[in-house]
Each structure stands twice: as structure tokens, then as C-alpha cells.
Amino acid sequence: MGIRTTPTTPFAGQQPGTSGLRKKVTVFQQPGYLENFVQALFDVVHGVGQPATGLTLVLGGDGRFHNRTAIQTILRMAAARGYARVLVGQNSILSTPAVSAVIRRHSASGGIVLSASHNPGGPDGDFGIKYNGTNGGPAPETLTQAVYERTQALGSYTLSDAADIDLGTQGVQQMENTRIEVIDSVADHAAVLRSLFDFDAIRALFARGFRLRYDAMWAVGGPSAKAIIEGELGAPAGTVVHAEPLEDFGGLHPDPNPVYADDLVAHLMAADAPDMGAASDGDADRNMILGRGFIVSPSDSLAVLAAHARKVPGYQGGLAGVARSMPTSTAVDRVAKALSLPCYETPTGWKFFGNLLDAGRITLCGEESYGTGSDHVREKDGLWAVLFWLNLVAVTGQSVEQLVRGLWSEHGRCVYSRHDYDGIATERANALMAELRASLPTLGGTTVAGQAIAWADDFAYTDPVDGSVSQRQGVRVVLADSSRVVFRLSGTGTEGATLRVYLERHEPDASRHDVPAQEALAPLVALAEAVARIAHHTGMNAPTVMT
Ligand code: VG1
Ligand code: CO
């Protein structure tokens with residue numbers, strides 16, 4: 001065994017986006033590409049030339065294609081850097097919330113998640129890498145920006161030339177002076193979940209014949225969902241489907257929304273539908289919840305959990321506060337107001353919740369993109385959300401649909417939809433946003449497509465804990481009745497650009513709560529087209545995906 005330093009030259013574009021560095025697998029397969037990024041990361045975290053003496057690193061991924069190769073490379077680099085310990089998931093697997101749980105329970109200095117989350121996998125699919133800090137949460141922008149700058153200045157990387165670690169069996173192995181512990185991929189996370197929910201009540205619910213269909217989308221959430229829902233909670237075998245993590249997610253998009261989880265939706269709309277449906281994404285941090293014949297919008301899901309949190313053991317003392325990403329609907333704001341709770345509005349991306357959670361200002365948070373979570377870890381957590389819903393159904397005796405309708409009747413319905421325009425040429429997407437931003441100073445007070453715009457801006461966020469400022473987080477166009485359209489470009493894609501258009505309209509009138517969302521939002525769609533000239537810039541007359 002020996003430690004070798006290899007000369008290298010920078011790769012362009014190693015800039016992390018909303019959630020880590022995501023590129024095509026073929027990009028990550030270039031010699032030195034992963035090594036450069038990890039070297040830059042270690043240089044920033046520990047200081048150039050400084051070893052990671054005495055520290056523990058957590059390492060795992062969502063099992064997608066290239067995961068196993070990349071894990072061995074990072075183990076060699078961690079050993080070369082002098083980490084005391086690396087905790088690595090068995091068979092290279094750790095879901096994103098599991099990494100967060102392991103970091104926190106084992107006092108690690110940080111962790112690396114290999115995932116491109118909801119993006120497709122396989123040799124022609126996507127790969128990704130993300131660093132989480134001591135709190136278990138995604139690195140803040142200051143750190144990811146510093147890593148990017150370091151990738152552009154790098155001259156060499158260092159790694160051990162030791163043989164591969166056997167990741168198939170749990171136990172301790174040694175590489176250089178680093179203790180490599182292959183750990184159970186599920187145990188720590190499961191222990192955290194067990195401490196929060198009334199497993200007896202959920203067990204009794206299943207014993208009464210309650211039927212759930214959990215679609216793990218051939219991704220990393222399958223094993224933990226099976227172990228907990230079928231194993232511990234006694235749901236019948238076959239409750240968790242598509243449970244085996246596949247390197248290419250069966251060729252599908254592991255994104256739990258009504259479009260990509262259409263098989264699950266079909267089951268929940270069928271005549272003999274189960275009582276509840278759920279799905280998680282590639283790295284198991286997202287969740288989708290359905291009732292029988294009923295799809296729950298993620299923004300409503302967050303609001304329902306906030307409204308009923310005290311009924312669940314882990315939150316029976318009440319919530320310190322709540323937060324949502326800016327494009328997420330204001331349903332949770334209405335619940336927070338009624339409960340006199342602080343409510344924060346952050347930019348898109350889980351990293352922005354970290355300071356609020358660490359400072360004890362919030363307990364629950366979520367995003368419109370099927371992400372919900374709490375202060376139990378520092379990532380969104382798919383299985384956590386499903387267990388929360390099961391616990392609520394068990395103790396309230398209400399169905400999923402009844403819980404959502406209860407929210408609507410108390411606070412009105414925040415009718416909501418997101419329209420995505422995928423695969424736009426980057427220059428065209430940038431031109432659309434530039435034109436929109438240029439129109440901002442004169443947009444407020446005008447009437448466009450028959451609708452009076454009250455105000456418009458480009459969302460900027462000042463972190464209330466550390467004072468850091470994030471500019472240009474999305475253009476908001478807001479009407480007098482607080483209906484709004486939000487525009488931003490995705491920061492997780494790997495091909496061209498994706499325009500996201502978020503539409504929200506509050507409907508207080510209960511007799512109109514069953515108007516289909518796309519119909520109720522049609523005037524806002526017209527407004528979006530008129531202010532942003534989407535068809536003109538993108539050449540597309542309809543979104544690629546509507547959720
Ligand atoms: C998307 C979502 C955002 C989410 C992010 C990571 O980002 O909109 O809400 O936090 O994905 O989720 P963007 O920049 O493409 O809109 V995951 O499950 O990929 O870790
Ligand atoms: Co994810």
C-alpha cells in the first residue's frame with residue numbers, strides 16, 4: 001500500500017447546483033474528474049495540504065450506475081487524506097436521509113452522498129456527488145462555491161493505491177491508517193424514525209386491514225421501506241413494490257410525481273384501490289402521498305403535517321416554527337398563522353433550511369418538489385413523511401383525503417401546479433429569464449392578459465441566522481388577491497436548461513375546491529405566457545411535465 005500524488009489539470013464546470021454536482025455518467029467516467037472534485041472538496045474542508053486527522057467521514061450512494069466504482073475511489077482518497085474512520089454503507093448504499101442520520105448519530109465531520117436523486121440513471125444517465133457537513137445537512141453555498149473555485153486551481157490529487165474494500169459484508173477493514181467500517185444501510189435511520197412515530201398505532205392500523213401501496217421506484221428507498229413497513233409494522237408482503245434498487249431504476253425516472261409515478265397513480269385510481277399510496281425518489285429523500293382516488297399536493301402535505309404534528313409522539317411538544325421554499329404554496333403559512341408559529345420562506349434547495357433547523361427556529365419544512373422533513377435529520381426524508389401520514393391516519397381515524405379536505409375547509413385551498421419546460425437550449429432559457437428580469441421594474445401596477453399585477457420581483461433571501469444573502473432566486477409575479485406565478489431555472493439538470501413555472505391561486509370558496517387545478521389555474525398560465533413569452537423563447541407550446 002502507498003499514497004500517490006497524481007498531477008491533474010482542472011475540468012471546467014465543476015460547479016455544484018441546487019443539490020450537489022450533477023453530470024452525465026460519461027462525464028464522471030473521465031479519468032480524474034471525480035478525483036479532482038473530491039480533492040478540491042477535501043482541500044476546502046480541511047485546508048490545502050492539511051490531513052483529516054481524527055475525523056470520521058460517512059460515505060454512500062443511491063446505488064445508481066457508477067456508484068460502486070466511485071465509492072472505491074473516494075475510499076482511497078479518504079485514506080490518503082488521513083481520515084481516522086470512514087463509515088460506508090453496505091454494498092455502497094445509503095439513502096440521502098440515511099447519510100444525514102449516520103453523520104449525526106456517529107459524530108462524523110461530514111459525509112459524501114453519491115446521487116443524482118430523481119434524475120434517470122444507467123450508463124447514459126446521470127451521476128452526482130454532494131457533501132454534507134457535521135450537522136448532517138447539505139453544504140451551504142459558501143462552501144460549494146469555494147469547492148468550485150478550488151477545482152479551477154487544482155494541480156494534483158492524492159489517493160492510496162490499496163486494493164478495493166469488500167463492501168458486501170458489514171465489519172471493519174483497514175486502508176492505510178484509516179478504519180473502514182462497512183455499516184448496515186438502514187439501521188441508524190430506522191432508529192431515528194422509530195423514536196418519532198407511534199409504531200404500535202401504525203401496526204394496529206395495518207392489522208385492521210388498512211392497505212398501502214408504496215412504490216420505491218426501483219431505487220434506494222426500497223430496502224428501508226420493506227424493512228420498516230412490511231417487517232416492523234406488519235403490512236402484508238407486497239405492500240412495497242419496485243423495492244429492489246436497480247442501477248438504472250428499470251430505465252425509468254425515479255421521480256415521485258403523478259407523471260413519472262403513473263403506475264402508482266393508476267393503482268390508486270382503480271376501483272379496488274388501496275387506502276393510501278406513496279412513492280420515494282432515487283435517493284429516497286422525496287415522497288409523494290396519495291389517498292384512494294386522490295393525489296395530495298406536496299405543499300398541502302406539508303401543511304397537513306404541520307397542522308396535526310402534535311398528534312405524533314416526536315412532535316407532541318409542538319413546533320418551534322415551519323419553513324417552505326419560496327415557490328412552495330402558502331398553505332403552510334396559513335396553518336402557521338392559525339397556530340401562531342413563525343414561518344420562513346427560503347430559496348429552493350434543502351441547504352437553506354439547515355441554519356433554521358440548527359438554530360431551533362423551525363421543526364418542519366418542505367418544498368413543492370415532493371420534499372418534506374423535520375429537525376430529526378438535516379435532509380428531506382421520504383420514509384419519514386410516509387410514516388407521519390400513516391401515524392396521522394391511524395390516530396385520527398381520517399382518510400388521507402379527509403385530512404386534506406379538512407385543511408381546505410379550514411384555510412381554503414391553495415390550488416397549485418408546476419409546469420416544467422425541459423431540454424431548452426441554455427442560451428434561450430437565459431434569454432427568457434433576462435428579458436423577464438429586465439421587465440420587472442415596470443411590471444407592477446400593469447394589467448397583463450386581463451390580470452392586474454400588484455407587484456413583481458426577483459426573490460432574494462437573507463439568512464436570519466448567519467446573514468448570508470442569496471440573490472436572484474426566482475422571479476415572482478403577484479396579483480392583488482395574492483395569486484402568483486414564479487419563474488426559475490432548474491439547478492439539477494444535466495442537459496440544456498429546464499424552466500420551472502410555479503402557479504398558485506388561493507380558493508376560499510369550498511364549492512370550488514373540486515375544480516381541477518389546471519382549469520382553476522388557466523388564467524395564471526395565460527399570464528405566465530404573456531409576461532415571459534415562453535413559446536417565443538423556447539419554441540414550446542406546452543410544458544414537458546405538469547405536476
Ligand atoms: C429540484 C427541486 C428542489 C429540490 C432539488 C433537489 O431543484 O426543485 O426543490 O430541492 O431538486 O431535490 P431544481 O433546481 O431542479 O428546481 V433531490 O430529491 O434532487 O435531492
Ligand atoms: Co432526491
Side-chain angles (χ1 to χ4, degrees), residues 15-22 60-64 94-100 113-121 125-132 137-139 141 144 216-217 219-221 245 249 253-257 260-261 279-288 298-299 301-302 323-329 345-354 365-373 377-385 416 418-424 429 433 459 470 472-474 486-502 544-545 547:
Q15 180 127 43
T18 312
S19 181
L21 179 70
R22 290 189 196 174
D62 64 10
R64 66 178 59 225
L94 283 174
S95 73
T96 289
V99 168
S100 194
V113 190
L114 296 177
S115 171
S117 188
H118 57 284
N119 300 22
D126 292 350
F127 195 74
I129 178 168
K130 185 172 84 145
Y131 184 74
N132 285 22
E141 280 190 320
T144 55
M217 305 191 84
V220 77
F249 310 112
H253 235 100
D255 193 350
N257 64 42
Y260 294 124
S280 47
D281 73 332
D283 58 339
D285 57 353
R286 296 186 181 203
N287 74 92
M288 176 168 67
S299 300
S301 176
L302 174 63
R324 62 166 170 85
S325 66
M326 180 273 283
T328 303
S329 99
E345 184 178 38
T346 57
T348 293
W350 210 260
K351 58 190 167 208
F352 294 104
F353 295 132
C365 45
E367 297 190 272
E368 51 65 44
S369 52
Y370 298 83
T372 341
V377 288
R378 292 294 180 274
E379 287 281 5
K380 53 188 186 269
D381 189 339
L383 188 52
W384 169 90
Y416 193 83
R418 188 177 97 187
H419 291 189
D420 290 341
Y421 296 79
D422 290 324
I424 310 172
M433 290 304 292
F459 180 60
S470 303
R472 295 161 63 88
Q473 295 297 317
V486 175
F487 302 86
R488 57 180 285 283
L489 298 184
S490 160
T492 58
T494 60
E495 255 178 66
T498 291
L499 170 69
R500 301 204 195 284
V501 181
Y502 308 81
T544 335
V545 175
T547 57

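Positions are given from 1, in the same order as the sequence printed here. Nothing here was measured: the structure is a model prediction, and the numbers come from that model. Note that ligands are numbered from 1 as they come in the structure, with each ligand's atoms numbered from 1 the same way. Just so you know, these numbers use all the heavy atoms, side chains as well, and skip hydrogens, waters and symmetry mates.
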- request: Any atoms of ligand 1 less than 4.0 Å from a non-hydrogen atom of Asp285? List them with their elements.
  value: 18 (O), 20 (O)
- request: Ignoring angles and geometry beyond distance, decide whether Gly491 reaches within less than 3.5 Å of ligand 1 through its nitrogen or oxygen atoms.
  value: yes
- prompt: Evaluating non-hydrogen atoms only, which member of Glu367, Arg286, Lys380 is closest to atom 11 (O) of ligand 1?
  reply: Arg286
query: Sequence neighbours excluded, which residues qualify as ring-ring contact (aromatic ring centres under 6.0 Å, His included) partners of His253?
result: Tyr260
- prompt: Is the closest side-chain heavy-atom distance between Lys380 and Pro97 below 4.5 Å?
  reply: no
task: Would you please name every residue forming a side chain to side chain donor-acceptor pair (under 3.5 Å) with Thr144, sequence neighbours left out?
output: none
Protein contact to atom 9 (O) of ligand 1 [nearest heavy atom, distance to 0.1 Å]: Ser369 OG, 2.6 Å
- prompt: Does any N or O in the side chain of Thr544 come within less than 3.5 Å of the main-chain N or O of Asp420, such that one atom is a donor and the other an acceptor?
  reply: yes
message: Less than 3.5 Å apart, any donor N or O on the side chain of Asp283 or Ser117 sitting next to an acceptor on the other?
response: yes
- prompt: Which of the atoms in ligand 1, numbered in the order shown and given with their element, are less than 4.0 Å from a heavy-atom of Arg500?
  reply: 8 (O), 13 (P), 15 (O), 16 (O)
Atom indices of ligand 1 within 4.0 angstrom of Asp281 heavy atoms, with elements: 18 (O)
message: Taking 4.0 Å as the limit for heavy-atom contacts, which would you say applies to Lys130 with ligand 1: side chain only, backbone only, both, or neither?
response: neither
query: Among all protein non-hydrogen atoms, which one is nearest to atom 17 (V) of ligand 1, and what is the separation to 0.1 Å?
result: Ser117 OG, 2.7 Å
task: Using a 4.0 Å heavy-atom threshold (strictly under), name the region of Ser19 that reaches ligand 1: side chain, backbone, both or neither.
output: side chain
message: Taking 4.0 angstrom as the limit and counting only heavy atoms of Arg488, give me the atoms of ligand 1 inside it, by number and element.
response: 13 (P), 14 (O), 16 (O)
task: Please round to the nearest 0.5 Å and tell me the distance separating atom CG of Leu114 and atom OG1 of Thr96.
output: 10.0 Å
query: Where on Thr96 is there a heavy atom closer than 4.0 Å to ligand 1, on the side chain, on the backbone, on both, or on neither?
result: neither
message: Going by the rule salt bridge (Lys or Arg N to Asp or Glu O under 4.0 Å), which residues pair with Glu495 if we only count those two or more places apart in sequence or in a different chain?
response: Lys24
message: Using a 4.0 Å cut-off to any heavy atom of Arg22, which atoms of ligand 1 qualify?
response: 17 (V), 19 (O), 20 (O)
task: Check the side chains of Asn132 and Ser100 for a donor-acceptor pair under 3.5 angstrom, ignoring hydrogens and angles.
output: no
query: Going by an N to O cut-off under 4.0 Å, is there a salt bridge joining Asp255 and Arg286?
result: yes
message: If you define the side chain from C-beta out and look only at heavy atoms, does anything of Leu489 sit under 4.5 Å from Met433?
response: yes
query: Under 4.0 angstrom from ligand 1, any heavy atom of Gly349?
result: yes
statement: Listed as residue and atom, the protein N/O/S atoms under 2.8 Å from the Co ion (ligand 2) are Ser117 OG, Asp281 OD2, Asp283 OD1, Asp285 OD1
task: Mind checking whether Arg418 contacts ligand 1 via backbone (N, CA, C, O), side chain (CB onward), both or neither, at a 4.0 Å heavy-atom cut-off?
output: side chain
message: I need the single residue from Pro327, Ser369, Pro298 that forms a side-chain contact (heavy atoms from CB on, under 4.5 Å) with Arg418. Which is it?
response: Ser369
task: Starting from atom 7 (O) of ligand 1, locate the nearest protein heavy atom and write down its residue, its atom name and how far away it is, to 0.1 Å.
output: Thr492 CG2, 3.4 Å
field: Residue Thr348 vicinity, atoms of ligand 1 by number, heavy atom under 4.0 Å
entry: 3 (C), 8 (O), 9 (O)
message: Could you walk me through whether Asn119 and Thr492 satisfy the side chain to side chain donor-acceptor pair (under 3.5 Å) test, starting with their C-alpha distance in whole Å, then the side-chain angles of each, then the deciding distance to 0.1 Å, before giving a yes or no?
response: CA-CA 8 Å; Asn119 300 22; Thr492 58; 4.7 Å; no
field: Cationic N near anionic O, under 4.0 Å, Arg500 to Glu368
entry: no
- prompt: With a 4.0 Å cut-off, would you call Glu367 and Arg324 a salt bridge?
  reply: no
